Amino acid sequence: MSLANAMTEEEFLEFDGRVHRLLGDDPVRYVVEPKLDGLAVTLAYENGRFVQGATRGDGLTGEDVTANLRTIKMVPLQLKGSPPARFEVRGESSSTSATSSA
């Protein structure tokens with residue numbers, strides 16, 4: 001089960017109640033750590049040229065961060081070789097890990 005967005009003691013106790021309803025009288029131990037959100041971005045390329053960068057935003061609407069991404073030396077402004085006409089790469093990083101998918 002996911003704790004989801006329990007921000008108050010009351011919300012945590014509701015979660016704990018759901019866990020105990022599922023497990024009965026079995027003892028339960030929790031391990032809790034702060035969630036550190038990273039930055040998720042999408043890089044869009046057209047004909048090998050970087051044309052747009054956007055954040056995930058609120059999950060529905062992202063923010064255009066193209067100008068900011070153009071200043072990062074690790075972001076290629078032009079792809080080498082023969083890339084497809086339209087190519088997008090997505091990645092996410094946090095202070096402890098980084099993942100990406102293409």
Side-chain angles (χ1 to χ4, degrees):
M1 292 180 64
S2 172
L3 185 54
N5 290 323
M7 301 292 180
T8 67
E9 183 177 356
E10 180 180 329
E11 291 171 330
F12 171 75
L13 292 174
E14 289 172 7
F15 170 81
D16 184 59
R18 290 191 306 272
V19 168
H20 280 93
R21 280 191 295 281
L22 287 171
L23 297 178
D25 293 329
D26 291 343
V28 176
R29 291 180 50 189
Y30 294 103
V31 175
V32 181
E33 59 186 41
K35 183 175 186 296
L36 303 174
D37 287 334
L39 173 67
V41 295
T42 297
L43 307 176
Y45 291 84
E46 291 180 0
N47 299 315
R49 188 174 62 86
F50 175 59
V51 293
Q52 185 178 36
T55 67
R56 180 174 45 211
D58 63 5
L60 298 174
T61 304
E63 180 181 356
D64 186 336
V65 290
T66 305
N68 302 69
L69 292 171
R70 288 184 187 280
T71 68
I72 300 173
K73 291 181 181 180
M74 291 182 66
V75 173
L77 301 179
Q78 183 69 45
L79 299 178
K80 296 179 181 178
S82 301
R86 175 85 178 162
F87 178 76
E88 289 189 16
V89 62
R90 294 182 181 98
E92 182 171 349
S93 69
S94 70
S95 61
T96 58
S97 66
T99 60
S100 65
S101 62

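Starting from 1, each residue takes its place in the sequence as its number. What you see is a predicted model; the values in this text were computed from it and never measured.
Under a 3.5 Å cut-off, the side chain of Y45 and the backbone N or O of A85 do not form any donor-acceptor pair. Between the side chain of Q78 and the main chain of G48, a donor-acceptor pair closer than 3.5 Å is present. Between the side chain of T42 and the backbone N or O of R90, no donor-acceptor pair lies under 3.5 Å.
Pairs of residues two or more places apart, or lying in two chains, that qualify as salt bridge (Lys or Arg N to Asp or Glu O under 4.0 Å) and include a residue from residues 68-86 are E46-R86, R86-E88.
Atom NE2 of residue H20 and atom CG of residue L13 lie 11.0 Å apart, to the nearest 0.5 angstrom.
Under the side chain to side chain donor-acceptor pair (under 3.5 Å) criterion, T55 pairs with no residue at all, not counting sequence neighbours.
Counting heavy atoms from C-beta on, the side chains of V51 and R49 come closer than 4.5 Å.
Placement of I72 and L79 within a single hydrophobic cluster is found when ILVMFWY residues are connected by side-chain heavy-atom separations under 4.5 Å, directly or transitively. When the side chains of ILVMFWY residues are joined at heavy-atom separations under 4.5 Å, either directly or via intervening members, V31 and V28 end up in two distinct hydrophobic clusters.
Remark: aromatic rings of F50 and F87 are distant, center separation not under 6.0 Å.
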